[in-house]
Each structure stands twice: as structure tokens, then as C-alpha cells.
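Presented below is the structure to which this report refers.
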Amino acid sequence: MIKLATLTFNPFGENTYILYDETLECAIVDAGCNSANEQQTLTAFIEKNGLKPVVAVNTHGHVDHICGVEFVKRQWGVPFALHRNDQPIMEMAHCYAEMGFDVTSLPTVDIDLAETPEIKVGNSTLRIVPTPGHTPGHVVIHAPEADLLLTGDLLFKESIGRTDLPGGSYTDLMNSIVERVIPLGSDTRIFPGHGPQSTVAHEVMFNPFIVEALRGDVNYKANETHEN
């Protein structure tokens, strides 16, 4: 059974996730460790638990989610997986250097998530679900056997991701949530890129953006453009 650990890093309070199973192989998702101390925190967790990183995976390419990926690649020699539509987003990271992010070196993408529906970690399978809206190449990462979903900045507890940044689209984001996240089931646990965890059931009941979409108060399908 897959296990999940959360480490919160950098000035934006970003959740970095470590997914691992009984083989002790692990995926590091959205590595946001931005300082030497934060890098040491991640390293100490990996070493304390005897884990073997095999891949760095990102839900999207914003600076607070990728600022630790180059360190992870150097430290453990793992490939980096990102959807190709977010390559331009990642390359804008230098714009945020004044906010305290170390982006002197950006990671090379080794695995295109546009062409990778699943990633194996030990005996476990992580499903890659395209969910554009916050960014054009945003994905969520689903571990069906554990009923858990890493939603990046698509969906938060009782809120949704911003759509006013470059490449954002409210229409695409709501389509992604309603058509690709909610059908995963009410018991699915949601672990977002910022803030506390939730469940699909909770969000359907209490997330005001989802409630108004499901009630038909907004036409979230207007001008539908999101890609598979």
C-alpha cells in the first residue's frame, strides 16, 4: 500500500509530497525545497526512512513547485517528469527571483507527462490525469489503491487555484474539476499544493466554486478548450 508524507517549504507554503510503498522506492512530487535548510529537511526524511527516490514529478511548472527539482535531480540522479505544456511556465521562474526563490538553474525535463499516463513506483502505480486550468499543462496524480489524489494548485480545501496567471483558464479549471476529479469518487482524499487535505465529498458539499457549478449558477462549460 502506498504511503504519503508531506513537507511544507518555501515562502509560498508549498506542500512537497513523498509517495512510497513497501519497496521503499519513492516519488518526490512538486519539490519546493528552496533553501539549504529545506533541502536538508528533505534529505533527512529520505535517509531516516531508508527511501530510494526514483522520480521527481510535478503537477505544474510554477516556481514554488519546481524550485527544489534541480536539487533532487542532482542529489539522487532521478528523472524529472512535467507536462510539456508547462515548459514555458517553468521557464518564467526567473521572474520570481526577487520574491526569495533560488532559480539560478532550472531542471531539464526527462519525462513528458503528456505522453505518460502512469508512473511506477515500486509495486505501486500513479495515474497521471491531465487537468488544465491553473496552467495549460497542469496534471493531478492519482493513487487509486490508496484513494488519494495530489491536486497541485487545481483544487484546494473549499477553494480553487488561480486562473489569472499566464496560461490560466477558469473554464478549463472547472471542467477539469467537475469532469476529471469529482468522478474519482467521494471517498478520494485530496492533498493540495497548499493548505490542508480534504476529500471529494467535502468539496462537493462545501466548496463554493464547485457548488455553484454543479447547481448551474455558472456556465463553466462555456468556450470549452481544455486538452486531453
Inset, instruction - To the nearest 0.5 Å, tell me how far Gln197 CD sits from Phe191 CZ. - result: 4.0 Å

Inset, instruction - Would you kindly confirm whether Val54 and Val69 end up in one hydrophobic cluster when ILVMFWY residues are joined by side chain heavy atoms under 4.5 Å apart? - result: no

Inset, instruction - For the residue pair Glu115 and Arg84, establish whether any side-chain heavy-atom pair is separated by less than 4.5 Å. - result: yes

Legend entry - Glu38-Asn10 side chain donor-acceptor pair, cut-off 3.5 Å: no

Inset, instruction - Mind checking the CG-NZ spacing from Asp21 to Lys120? Nearest 0.5 Å is all I need. - result: 9.0 Å

Legend entry - Check: Asp172/His138 side-chain N/O donor and acceptor closer than 3.5 Å: no

Legend entry - Interatomic spacing from CG in Leu24 to NZ in Lys3 - rounded to 0.5 Å: 8.5 Å

Inset, instruction - State, yes or no, whether a side-chain contact exists between Glu145 and Ile2 at a heavy-atom distance under 4.5 Å. - result: yes

Inset, instruction - Please identify each residue that fulfils ring pair (Phe, Tyr, Trp, His ring centres under 6.0 Å) with Phe12, with sequence neighbours left out. - result: Phe101

Inset, instruction - Look at the side-chain heavy atoms of Ile, Leu, Val, Met, Phe, Trp and Tyr, link any pair under 4.5 Å apart, and say whether Val109 and Trp76 land in one connected group. - result: no

Inset, instruction - Check whether Ile182 and Ile190 end up in the same hydrophobic cluster, where Ile, Leu, Val, Met, Phe, Trp and Tyr are linked by side-chain heavy atoms less than 4.5 Å apart. - result: yes

Legend entry - Modelled atom types, side-chain donor and acceptor of Thr116 and Glu118, under 3.5 Å: no

Legend entry - Phe45 and Leu51, any side-chain heavy atoms less than 4.5 Å apart: yes

Legend entry - Note, Asp164 side chain near Tyr170 side chain (heavy atom, < 4.5 Å): no

Legend entry - Min side-chain heavy-atom separation Val181-Val200 under 4.5 Å: yes

Inset, instruction - Assess the side chains of Asn37 and Ser35: does a donor N or O sit below 3.5 Å from an acceptor N or O? - result: no

Legend entry - NZ (Lys52) with more than 12 external heavy atoms under 6.0 Å: no

Legend entry - Pair Asp147-Arg189, salt bridge (charged side-chain N to carboxylate O under 4.0 Å, His left out): steps then yes or no: CA-CA 6 Å; Asp147 275 336; Arg189 295 175 294 156; over 6 Å; no

Legend entry - Passing candidate, side chain to side chain contact (heavy atoms under 4.5 Å, CB included) with Leu173, options Ile177, Asn175, Thr171: Ile177

Inset, instruction - Please answer: with hydrophobic residues joined when any side-chain heavy atoms are less than 4.5 Å apart, are Phe156 and Val129 in the same cluster? - result: no

Legend entry - Distance (rounded to the nearest 0.5 Å) between Leu19 CG and Leu148 CG: 6.0 Å

Inset, instruction - Any chance you could measure Leu154, atom CG, to Thr131, atom OG1, to the nearest 0.5 Å? - result: 4.5 Å

Legend entry - Between Asp86 and Thr135, a side-chain donor and acceptor under 3.5 Å: yes

Inset, instruction - Kindly compute the distance separating CD (Glu203) from CD1 (Ile160), expressed to the nearest 0.5 Å. - result: 11.0 Å

Legend entry - Side-chain donor-acceptor pair present, Asp30, Thr59, cut-off under 3.5 Å: yes

Inset, instruction - Describe, in one word, how the ring planes of His60 and His65 are oriented to each other, choosing from parallel (under 30°), tilted (30 to 60°) and perpendicular (over 60°). - result: tilted

Inset, instruction - Establish, yes or no, whether a centroid distance under 6.0 Å links the rings of His134 and His62. - result: yes

Inset, instruction - Identify whether Leu155 and Met174 are in the same connected component of the hydrophobic contact network (ILVMFWY, side-chain heavy atoms under 4.5 Å). - result: yes

